[in-house]
**Student:** 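What follows is a structure written as structure tokens; I'll ask about it next.
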Amino acid sequence: MASIQHSILYWFDENKRDLPWRESKNPYSVWISEIILQQTRVEQGKPYYDRFMNRFPSVFDLANADEEDVLLAWKGLGYYTRARNILKCAKTIVGEYGGSFPKEREELLNLPGIGEYTAAAIASICWDQPYIALDGNIIRIVSRVFNIDSPFSYSSGKAIFKTMGQEFVSKDRPGDFNQALMDLGASICLPKSPRCDQCPILGFCEAKKINKQHERPVKLAKRKPINRFLLFFVHYKNKKLALIKQENSGIWKNLYLFPHVEYPSEHQLLEAKEGLDSFVSGIHLLSHQRIHYVAIKGERLKKQEDMQQELVWVPVKDIENLPIPRLMAHIFEVWPNAKTQD
DNA sequence: GATGCGTGGCG
DNA sequence: TCGCCAAGCAT
């Protein structure tokens, strides 16, 4: 009987996708494609890859580029830290490695923007080093084939996936094996409706045997939302808006937002706004918190004894003409740097 | 370990 | 419609 690895590689040889970054195994193009494809769909990344390689054909061209130009090539793709790291990394490779990538996994991991997944992908595709590249696709396939019921996000779960994955990965063709699993995950072993009837390794899948393929991978249980009760002050005067800087902790740490007071219960929030000129209220969801809010005009601001933070007055255009829902949207629109606002 | 980062596709 | 999430990483 054929091994599971053999079945996967056979399927790959017959069905592999024709993608621009598969034309070469040189580390530069593999690296660029892997960075572009982080949290990004193949169809979205393709045109960026083509333009990027055309604009920066080698690691030397990239290392000599201005950050502005790299960011321009990245414009519209998102996660712009990737673009900044890609430039830093190119400079390191040229400056410290004479323009060729280090082949040791540990050295790859030290490069900016390269984590466990990308290091494994580069090492396996370029130099046939037997590392499993645990991306979303391969996590899903491994969780189903071995019926792993522990979430990848737990460190204990991560250890299981790494152990099983390392055992799983083909030692003969690890690069093809990783890419095969990604293709399989993208076309057959889908997150929601896996096409098990077309799967080349159906007979090896432990989850399918007990009909739990839909329950894999196990996701971390969502924490139930915490209720919070906040009274906001919208204080707009002389075309300036009052903001406060948050402490270096909590959900809006170090950000600027409207002055506010927090109450322990909805009852106390409603009691506090009693008699005040409240004009909008509602619930805002943010990071497993349900924030019940009431906003009042700011004339009463000075009388609030609980308001201890120092106010920062920020010039804002035309706030008096904004409809209330738009204004309220601003309340939860936190500002990293009040000085840059106008 | 939890959180932020960006855009586009999907049911 | 809109929440979920897709070839993760850094902090």
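Letters A, B, ... mirror the listed sequences (proteins, then strands); counts begin at 1.
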**Student:** Please state how far atom CE in A:M182 lies from atom P in C:dA7, giving the value in whole angstrom units.
**Tutor:** 9 Å
**Student:** Regarding A:G76, tell me which of base, sugar-phosphate or nothing describes its non-hydrogen contacts under 4.0 Å with the strands shown.
**Tutor:** sugar-phosphate
**Student:** Find the distance A:Q38:CD to B:dG6:P and express it as a whole number of Å.
**Tutor:**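 Distance, rounded to whole Å: 13 Å.
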**Student:** So, the side chain of A:R82 versus the backbone of A:Q38: is there a donor-acceptor pair under 3.5 Å, distance only?
**Tutor:**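 Pair found, side chain donor or acceptor close to backbone of A:Q38.
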**Student:** Pick base, sugar-phosphate or nothing for A:E116, based on heavy-atom distances below 4.0 Å to the nucleic acid.
**Tutor:** sugar-phosphate
**Student:** Starting at OH of A:Y79 and ending at C1' of B:dC5, how long is that distance when rounded to a whole Å?
**Tutor:** 5 Å
**Student:** Are A:R55 and A:D69 within salt-bridge range, i.e. N to O under 4.0 Å?
**Tutor:**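 So A:R55 pairs with A:D69 through a salt bridge.
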**Student:** Consider the side chain of A:W21, meaning its heavy atoms from C-beta on, and name the nucleotide among B:dG8, C:dA7, C:dA6 that approaches it most closely.
**Tutor:**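 The answer is C:dA7, which lies nearest to the side chain.
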**Student:** Tell me: CD1 of A:I138 to C1' of C:dA7, nearest whole Å?
**Tutor:**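 Rounded to whole Å, this separation is 9 Å.
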**Student:** Which of parallel (below 30°), tilted (30 to 60°) and perpendicular (above 60°) describes A:Y10 and A:H6?
**Tutor:** parallel
**Student:** Counting only side-chain N and O atoms of A:Q39, is one of them less than 4.0 Å from OP1 or OP2 of C:dA6?
**Tutor:**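 Answer no for this pair, as no side-chain N or O of A:Q39 is under 4.0 Å from OP1 or OP2.
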**Student:** Would you measure the distance from the P atom in B:dG11 across to the matching atom in C:dA7 and give it in whole Å?
**Tutor:**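 So the two P atoms sit 15 Å from each other.
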**Student:** Measure the spacing between OG of A:S124 and CZ of A:R173 and express it to the nearest 0.5 Å.
**Tutor:**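 Rounded to the nearest 0.5 Å, the OG-CZ separation comes to 12.5 Å.
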**Student:** If you only use heavy atoms from C-beta on, which nucleotide in C:dC5, C:dG8, C:dA7 is closest to the side chain of A:T118?
**Tutor:**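 Nearest nucleotide to the side chain: C:dG8.
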**Student:** Side chain of A:S155: nearest nucleotide among B:dG1, B:dG6, C:dA7?
**Tutor:**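 The closest nucleotide is B:dG1.
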**Student:** Can you tell me, in whole Å, how much space there is between the C1' of C:dG3 and that of B:dG6?
**Tutor:** 16 Å
**Student:** Scan A:L77 against the nucleic acid and name what it touches under 4.0 Å (heavy atoms): base, sugar-phosphate only, or nothing.
**Tutor:**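 Since a base atom lies under 4.0 Å of A:L77, the category is base.
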**Student:** If you take all heavy atoms of A:I8 and A:I201, which pair is closest and at what distance?
**Tutor:**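 In terms of heavy atoms, the two residues are closest at CG1-CG2, 3.6 Å.
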**Student:** Rounded to the nearest Å, what distance is computed from the OH atom of residue A:Y48 to the P atom of nucleotide C:dA7?
**Tutor:** 19 Å
**Student:** Scan A:L111 against the nucleic acid and name what it touches under 4.0 Å (heavy atoms): base, sugar-phosphate only, or nothing.
**Tutor:**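 Sugar-phosphate, no base atom in range.
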**Student:** Please report, rounded to the nearest Å, how far the P atom of C:dA6 is from the NZ atom of A:K192.
**Tutor:**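 In whole Å, C:dA6 P lies 9 Å from A:K192 NZ.
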**Student:** Measuring from the side chain of A:Y80 (C-beta onward, heavy atoms only), which nucleotide among B:dG9, C:dA7, B:dG6 has the closest atom?
**Tutor:**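 The nucleotide sitting nearest to the side chain is B:dG6.
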**Student:** Looking for any heavy atom pair under 4.0 Å, which part of the strands does A:S33 touch: base, sugar-phosphate only, or nothing?
**Tutor:** nothing
**Student:** If you go through the side-chain atoms of A:R82, does one of them form a donor-acceptor pair with the base of C:dA7 closer than 3.5 Å?
**Tutor:** no
**Student:** When the nearest nucleotide of DNA chain C is assigned to A:P112 and to A:A186 on a heavy-atom basis, which residue is associated with the more 5' position?
**Tutor:**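 Mapping each residue to its closest nucleotide by heavy atoms, the 5'-most match is A:A186.
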**Student:** Both A:G78 and A:S156 contact DNA chain B. Which one's nearest nucleotide lies toward the 5' end?
**Tutor:** A:S156
**Student:** Pick base, sugar-phosphate or nothing for A:W74, based on heavy-atom distances below 4.0 Å to the nucleic acid.
**Tutor:**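 No contact at all - A:W74 keeps every heavy atom at 4.0 Å or more from the nucleic acid.
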**Student:** Select base, sugar-phosphate, or nothing to describe what A:R84 touches, counting heavy atoms under 4.0 Å on all strands.
**Tutor:** nothing
